[in-house]
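Notes follow once the structure below has been shown.
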2 protein chains.
Amino acid sequence: MARLSGSRQDYLKALYALAPQGEVVPTSRLAAHLSVSAPSVTNMLRRLAEEKLVLHKPRGGARLTARGRREAILMVRRHRILETFLVRVLGLDWAEVHADAEVLEHHISDRVLEAIDRVAGRPDFDPHGHPIPDPRGRMQRRTLLPLASLERGARAVVREIRDADGPRMARWRSAGLVPGASVRMREVQRLDDVFELEVAGERFVTGSEGLDGVLVERRGGAGHGR
Amino acid sequence: MARLSGSRQDYLKALYALAPQGEVVPTSRLAAHLSVSAPSVTNMLRRLAEEKLVLHKPRGGARLTARGRREAILMVRRHRILETFLVRVLGLDWAEVHADAEVLEHHISDRVLEAIDRVAGRPDFDPHGHPIPDPRGRMQRRTLLPLASLERGARAVVREIRDADGPRMARWRSAGLVPGASVRMREVQRLDDVFELEVAGERFVTGSEGLDGVLVERRGGAGHGR
DNA sequence: CGTTCTCGTTAGCCTAGACTAAATCACGGA
DNA sequence: TCCGTGATTTAGTCTAGGCTAACGAGAACG
Ligand SMILES: [Mn+2]
Ligand SMILES: [Mn+2]
Ligand SMILES: [Mn+2]
Ligand SMILES: [Mn+2]
């Protein structure tokens with residue numbers, strides 16, 4: 001079985017990112033996610049379908065086959081191990097490793113991946129808090145909420161930071177919004193789109209735009225939990 | 001200035017490997033070194049010449065321009081830093097890192113290269129003993145001899161092992177022929193092509209074929225030095 | 001001085017993966 | 001039922017970098 005090209009790997013990864021449960025994804029969503037034109041997507045989907053990596057109903061979108069899903073999850077594993085390595089071993093900045101991992105994930109041999117995993121300490125989570133699938137493709141599944149969905153008084157723990165632009169991620173870090181941090185929603189003004197948080201004892205005021213991509217796990221305590 | 005493609009980088013590196021002083025290299029030598037057809041080489045040389053990275057006299061071979069040489073040396077630097085990193089930090093086998101470095105050299109950002117260089121301890125030599133050019137492209141130049149050229153009784157220190165197939169390199173290592181090792185030529189039978197060495201106190205008998213690619217620096221001592 | 005042989009170049013093709021422009025499908029609304 | 005519209009596919013190009021077959025320049029040889 002010939003190795004998948006980098007391009008194919010990215011298409012599969014995108015399909016998985018947009019539909020982790022294997023739902024159908026429209027051509028246009030894929031095109032937007034990958035920053036390519038719609039015809040390019042149609043074209044590649046045809047090839048991936050021939051190779052039994054996706055199911056492609058013309059005009060009905062595409063979804064991963066079991067094999068495609070397996071390959072996608074292996075790519076997620078490679079990406080996340082690389083990011084962890086770049087941060088923990090090479091000392092690069094948390095907010096700036098995504099682009100390098102995005103390239104290297106396609107060029108690292110299994111041998112090097114294994115060694116990198118070892119020196120990174122066989123991490124279970126990447127620097128943004130995302131779970132790393134094991135070599136067989138299994139991964140914890142958690143249910144997390146967007147930070148902005150918390151009601152006034154709720155307490156939660158930050159679990160994942162979605163990959164975003166460097167400056168925004170750097171801002172979150174400087175505000176203390178890193179995986180593992182405890183937060184409390186002090187005030188919510190949905191009409192004005194203003195949120196006042198307490199993060200590690202500090203006050204942090206922001207709009208919801210600035211919170212997109214911070215995912216939390218609700219904690220008991222003084223919240224309104226049911 | 002757009003980044004050079006991986007292919008271009010390999011052509012420049014090959015030109016440099018075959019003619020470190022900038023001598024003219026025939027198309028066929030390049031084709032053999034890169035394992036591509038002669039027309040592919042002609043074709044790529046035309047493009048590299050347009051980009052002022054090589055000088056190409058039709059039917060008269062090619063040689064690097066100053067710019068091409070600079071790029072080539074930077075690739076050598078990347079390759080050697082990567083090999084050192086793979087061995088020293090990731091703990092991979094000395095004899096098996098070349099192929100990974102050959103791929104990764106094209107995909108590592110400057111930022112990652114710098115970090116890798118740092119964690120590898122800013123090495124001056126790669127695991128095979130080859131000098132690593134500094135970021136400005138300067139590098140020690142040494143004059144080394146093939147081990148097989150030593151006469152009976154001569155003493156020398158192993159300095160470089162040329163990249164060869166894994167098994168052969170593993171054999172050299174197990175015989176103690178690693179950079180820094182002291183050797184003495186105990187017996188030479190050129191007609192029979194048999195060499196008897198003393199390496200770290202042990203006797204090692206081999207044909208010259210088995211010594212191609214072990215480069216040494218002559219040492220004073222009990223030799224026949226002039 | 002003509003013939004050969006070797007090497008390099010030209011010509012023509014191929015695949016991967018993009019793109020734009022044009023055609024077409026399918027669906028919701030009148 | 002028909003129509004308009006937006007999403008998708010088709011058709012045709014392009015670039016990078018390979019390949020083989022055929023051609024030709026020049027050196028070597030007779
Ligand atoms: Mn990432
Ligand atoms: Mn990628
Ligand atoms: Mn090497
Ligand atoms: Mn290479």
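Proteins get letters first, then strands, A, B, ... in listed order; numbering begins at 1 in each. Bear in mind that the values here come from a model prediction, so they are computed numbers and not experimental data.
Within 4.0 Å of Ser7(A), counting heavy atoms only, lie sugar-phosphate atoms of the nucleic acid but no base atom.
For the pair Arg69(B) (side chain) and Leu53(B) (backbone), a donor-acceptor distance under 3.5 Å is absent. Ser5(B) places a side-chain N or O within donor-acceptor distance of the main-chain N or O of Arg8(B), the cut-off being under 3.5 Å.
To the nearest 0.5 Å, the span separating CG on Leu215(B) from NE2 on His130(B) amounts to 7.0 Å.
Classified by interplanar angle (parallel below 30°, tilted 30° to 60°, perpendicular above 60°), the ring pair His128(A)/Trp94(A) is tilted.
With no hydrogens or angles considered, a side-chain donor-acceptor pair links His79(A) and His98(A) at under 3.5 Å. His106(B) and Asp10(B) share a donor-acceptor pair across their side chains, judged by distance under 3.5 Å alone. Side-chain contact of Asp126(A) with Thr84(A): a donor-acceptor pair under 3.5 Å is absent, judged by distance alone.
A salt bridge links Glu105(B) and Lys13(B); the closest N-O separation between the charged side-chain nitrogens and carboxylate oxygens is under 4.0 Å. Under the 4.0 Å criterion applied to side-chain N and carboxylate O atoms, Asp212(B) and Arg162(B) are not assigned as salt-bridge partners. Taking 4.0 Å as the cut-off between side-chain N and carboxylate O, Arg67(B) and Glu51(B) do not count as a salt-bridged pair.
In the 5' to 3' direction, nucleotides of DNA chain C lying under 4.0 Å from heavy atoms of chain B begin and end at dG8(C) to dT10(C). For DNA chain D, the contact window with chain B, defined by any atom under 4.0 Å from a protein heavy atom, covers dA16(D) to dA25(D) in 5' to 3' order.
Annotation for Arg77(A) and Pro133(A): closest pair NH1-O, 3.0 Å, computed over non-hydrogen atoms.
Counted within 6.0 Å of CZ on Arg63(B), heavy atoms from surrounding residues, nucleotides or ligands total 12 or fewer; the atom is thus considered open. Summarising the local packing, CZ of Arg136(A) is surrounded by 12 or fewer heavy atoms from other residues, nucleotides or ligands at distances under 6.0 Å.
Here the rule is side chain to side chain contact (heavy atoms under 4.5 Å, CB included) with Phe125(B), and of Gln140(B), Arg80(B), Glu160(B) only Gln140(B) fits it.
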Identify all side-chain donor-acceptor contacts of residues 42-49 of chain A below 3.5 Å with residues at least two apart in sequence or on another chain.
from	atom 1	to	atom 2	distance (Å)
Thr42(A)	OG1	Ala38(A)	O	3.4
Asn43(A)	OD1	Arg46(A)	NH2	2.7

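Within residues 8-33 of chain A, the residues approaching DNA chain D are Pro26(A), Thr27(A), Ser28(A), by heavy-atom distance under 4.0 Å. A heavy atom closer than 4.0 Å to some atom of DNA chain D occurs in Pro39(A), Thr42(A), His56(A), Pro58(A), these being the qualifying members of residues 39-58 of chain A. Residues from residues 101-110 of chain A lying near DNA chain D, meaning a heavy-atom separation below 4.0 Å, are absent.
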